[in-house]
Protein chains: 4
Amino acid sequence: MPIEQDRSQFRHERILEAATRIFSQKGYHDAAMDDIAVESRTSKGGLYFHFPNKQTLFLALLDQMMGLLRARAEAAIAEEIDPIRKAEAALRVVLQTFASHRTLAQLFLVEALAAGREFHERMAASHRAFGALIQSHLDDAVRQGVIPPQDTALAGQVWFGALNEVVTTWLLSEPPGPLEEQYPALRALLLRSVGVPTARIFPAGEES
Amino acid sequence: MPIEQDRSQFRHERILEAATRIFSQKGYHDAAMDDIAVESRTSKGGLYFHFPNKQTLFLALLDQMMGLLRARAEAAIAEEIDPIRKAEAALRVVLQTFASHRTLAQLFLVEALAAGREFHERMAASHRAFGALIQSHLDDAVRQGVIPPQDTALAGQVWFGALNEVVTTWLLSEPPGPLEEQYPALRALLLRSVGVPTARIFPAGEES
Amino acid sequence: MPIEQDRSQFRHERILEAATRIFSQKGYHDAAMDDIAVESRTSKGGLYFHFPNKQTLFLALLDQMMGLLRARAEAAIAEEIDPIRKAEAALRVVLQTFASHRTLAQLFLVEALAAGREFHERMAASHRAFGALIQSHLDDAVRQGVIPPQDTALAGQVWFGALNEVVTTWLLSEPPGPLEEQYPALRALLLRSVGVPTARIFPAGEES
Amino acid sequence: MPIEQDRSQFRHERILEAATRIFSQKGYHDAAMDDIAVESRTSKGGLYFHFPNKQTLFLALLDQMMGLLRARAEAAIAEEIDPIRKAEAALRVVLQTFASHRTLAQLFLVEALAAGREFHERMAASHRAFGALIQSHLDDAVRQGVIPPQDTALAGQVWFGALNEVVTTWLLSEPPGPLEEQYPALRALLLRSVGVPTARIFPAGEES
DNA sequence: GATGAATGAGCATTCATTCAT
DNA sequence: AATGAATGAATGCTCATTCAT
């Protein structure tokens with residue numbers, strides 16, 4: 001019954017979209033399953049047919065988003081050869097993705113913590129994953145002698161924390177300004193933080 | 001009736017302490033006013049006499065904590081003359097304070113977001129305040145020519161974001177390791193990020 | 001605050017009465033906590049203040065009823081000296097109590113099983129208790145040589161089972177006839193079952 | 001299409017068997033139609049094709065069981081000539097059947113009440129039927145002068161009630177002991193209850 | 001000031017039943 | 001005949017907040 005399957009899958013996705021909207025509008029706790037049912041033009045029973053409970057539905061959203069970020073980041077990284085440029089690419093892509101998906105960013109950076117204890121471990125894992133990604137390329141850079149030996153694990157955390165803060169500030173500011181404009185300065189700060197020579201940071205000498 | 005006033009104030013504080021424990025144990029949403037009433041050996045009515053509602057009680061906690069952080073930071077800053085050392089002092093003190101008050105850190109960095117929309121603006125303000133503190137000293141450093149001109153507002157955000165991430169990771173890790181050991185490396189990264197000369201970062205040449 | 005206590009206790013009892021009515025009207029499962037709240041002129045929250053959940057409320061009812069039966073039976077038994085007469089008294093009193101409290105009987109004999117697994121053990125205990133009561137007096141009778149040695153535990157069960165069946169049939173019959181008229185014949189059957197001589201059963205020789 | 005008919009009938013039976021298992025495992029209310037569908041390797045739609053609703057499905061089970069009991073009892077009764085022995089046979093067979101089909105007994109004696117109001121009349125009818133069966137043979141016995149004239153309708157009820165209690169106690173006891181061992185003592189009690197001479201009850205004089 | 005009983009809106013979840021395919 | 005996705009009414013329970021005493 002491919003037709004039925006398609007329809008079911010379509011509804012599945014419609015629910016995910018609706019949930020994204022509702023959760024990021026109202027926050028995890030204030031979002032009622034009823035709201036999501038209405039928004040996805042489904043019945044409450046239909047919702048529960050596709051997702052066993054509210055928590056799982058929210059987790060599905062986070063996982064979906066992690067997948068998106070990871071895929072984009074990996075694609076961008078693959079296009080670069082130089083390890084520093086790889087790390088830069090990861091930073092840039094995540095910033096861009098958040099910039100163009102404010103709703104998702106809201107979910108990922110704010111609501112995920114707000115959703116309660118159960119999600120903390122999951123979030124910690126996401127943060128670790130991003131940190132590890134940066135770290136691996138910084139390690140390459142160290143190996144190649146581009147930057148001095150250092151605590152690259154911490155550097156990964158610092159990069160993600162900085163990104164996180166910039167995006168969160170943007171999320172909580174009303175009205176939101178252009179997030180992407182922050183990228184060059186952020187890039188400069190973070191590159192400098194790991195000891196990338198100034199010459200490499202400002203190729204044409206355009207110190208801000 | 002100064003005695004009664006004392007008693008009232010004493011109870012006020014007992015409630016705050018109890019609330020701190022309960023909120024950081026259970027999280028904002030899962031903490032019931034009942035729990036706090038019991039923990040503070042008061043009645044529910046008593047609670048509501050001192051605080052008009054749950055939100056306000058939680059806000060009082062955040063404000064108290066902000067006050068503590070601010071006081072400590074300002075004291076530490078006042079002891080330094082050099083602007084870079086002032087900025088460093090702020091960073092160090094906040095890290096130390098969180099390290100020695102895990103419960104407060106939990107509340108401030110995790111639960112505050114979890115508490116819902118109503119707190120977002122407040123949190124944004126806290127973040128801005130810390131960022132501005134760092135920024136002001138970095139601006140002095142720029143003025144003195146110690147570091148190059150740059151987007152010091154962003155730098156302030158980056159410093160706080162980095163700190164935030166490091167502490168949060170520590171909060172969510174089981175079992176928690178020693179947070180303060182991270183300080184030297186974090187300091188180095190952040191000083192370097194704003195262009196402090198390596199010679200100043202590692203005075204005796206002890207590159208890690 | 002004895003006044004408040006009184007009021008609270010009064011409400012407690014009003015809830016129990018309302019619950020008795022609703023449960024025996026609709027049965028355990030079809031009785032909604034809402035129904036009971038309305039019937040007891042309370043709010044749902046008020047209900048839950050007095051009883052932590054539906055099950056506990058129902059159990060309180062059963063316990064209350066067990067207490068009533070036990071008290072009446074013991075009082076009646078205490079008035080008799082002869083062990084056979086004591087056993088008879090228990091039988092008679094329980095029959096009478098059920099006859100005059102149809103609602104309670106419904107709850108005790110029908111709904112208690114219908115309420116589900118969780119109550120089975122409790123019901124089994126009630127049955128055992130009644131059986132043991134009969135048994136103890138039959139044992140006395142055996143000891144005194146009034147009736148032959150026999151499996152008095154089983155006899156206790158038989159007596160209660162017989163009573164149970166007669167009452168249940170009456171409960172389920174529409175319209176209900178006079179239950180107490182059944183007593184003499186039931187008494188005769190049960191006395192004969194344990195070997196009480198016919199002469200003692202029909203003192204004046206009034207065989208039915 | 002006899003083959004299809006067979007298949008349908010086969011499925012019909014598979015559903016009944018599955019329902020028996022599920023209902024007696026979980027009880028009427030906690031048994032979900034979904035559970036039964038899975039257990040019978042059918043779909044929910046399939047279930048509803050064979051039985052219009054949950055109630056009807058459960059009734060079908062009860063009817064099936066009543067039929068089994070009736071058939072066995074009648075067969076056993078037919079083998080006896082003496083009316084007392086006929087009544088005894090009915091008693092013995094029902095006890096044996098319950099003893100060897102614990103699941104069915106559970107359904108018949110416990111869950112049937114738990115299933116709610118709608119089943120009460122049906123159950124009453126079953127009880128009446130068994131009572132009437134006993135009664136008819138006791139009436140014969142009275143007519144033949146084997147036992148004294150008495151309220152045989154009540155006696156039928158007493159016999160069934162006693163049996164019911166013994167079996168139910170066994171059902172609710174953990175772990176279940178051997179039910180059939182109770183038969184001789186139960187028989188003696190019940191025969192004596194209707195006035196069967198002791199000599200007939202213990203042919204070889206083996207008073208327990 | 002303090003108490004704690006009472007309120008009631010709110011919500012996640014279940015499940016018998018339906019029906020398009 | 002059979003499937004299983006969808007429906008939606010029903011319900012037990014929670015908890016911030018109020019208020020008579």
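Sequence lines set the chain letters: A, B, ... in the order given, protein chains first and strands last, and positions in each chain run from 1. Please read these numbers as outputs of a predicted model, since none were measured by experiment.
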message: Please report whether the ring centroid of D:His12 lies less than 6.0 Å from that of D:Phe51.
response: yes
message: What residues from residues 42-57 of chain A pass a heavy-atom cutoff of under 4.0 Å to DNA chain E?
response: A:Lys44, A:Tyr48, A:Asn53, A:Lys54
query: Can a side chain N or O of A:Arg11 be found less than 4.0 Å away from OP1 or OP2 on F:dT7?
result: yes
For D:Phe119 against D:Ala112, the heavy-atom pair lying closest together: CB-O, 3.6 Å
field: Euclidean distance, atom CZ of residue D:Arg41 to atom P of F:dG4 [Å, nearest integer]
entry: 15 Å
task: Can you measure from OG (D:Ser40) to NE2 (D:His50) and round to the nearest 0.5 angstrom?
output: 9.0 Å
message: Working to the nearest 0.5 angstrom, can you tell me the gap between D:Gln106 CD and D:Thr20 OG1?
response: 12.5 Å
message: Just the rounded figure in Å: distance from P of E:dA5 to CZ of C:Phe10.
response: 17 Å
field: Separation between CG of D:Leu62 and CZ of D:Phe23, rounded to the nearest 0.5 Å
entry: 9.0 Å
- prompt: In whole angstroms, how far is the P atom of F:dC13 from the CG atom of B:Asp34?
  reply: 17 Å
query: Between D:Ala18 and D:Glu39, which heavy-atom pair has the shortest distance, and what is it?
result: CB-CG, 3.4 Å
- prompt: How far does the C1' atom of F:dT21 sit from the matching atom of E:dG1, given to the nearest Å?
  reply: 13 Å
field: Reported CG-to-CG distance for the pair C:Leu57 and C:Leu47, which is rounded to 0.5 angstrom
entry: 6.0 Å
task: Determine, for B:Glu111 against A:Arg117, whether the closest basic-nitrogen to carboxylate-oxygen distance falls under 4.0 angstrom.
output: yes
query: Taking all atoms of both residues into account, what is the closest heavy-atom pair of A:Ala114 and B:Leu113, and its distance?
result: CB-O, 3.6 Å
Spacing of A:Met33 atom CE relative to F:dT11 atom P, expressed in whole Å: 21 Å
- prompt: Pairs counted as Watson-Crick or G-U wobble with both distances under 3.5 Å: what dot-bracket string results for DNA chain F, using | for bases tied to another strand?
  reply: .||||||||||||||||||||
task: Anything under 30° is parallel, anything over 60° is perpendicular, the rest tilted; go ahead and classify B:Phe58 against B:Tyr28.
output: perpendicular
Atom pair CZ/NZ of A:Arg21 and A:Lys26 - distance to nearest 0.5 Å: 13.0 Å
query: For DNA chain E, which residues in residues 14-32 of chain B have a heavy atom at a distance below 4.0 Å?
result: none
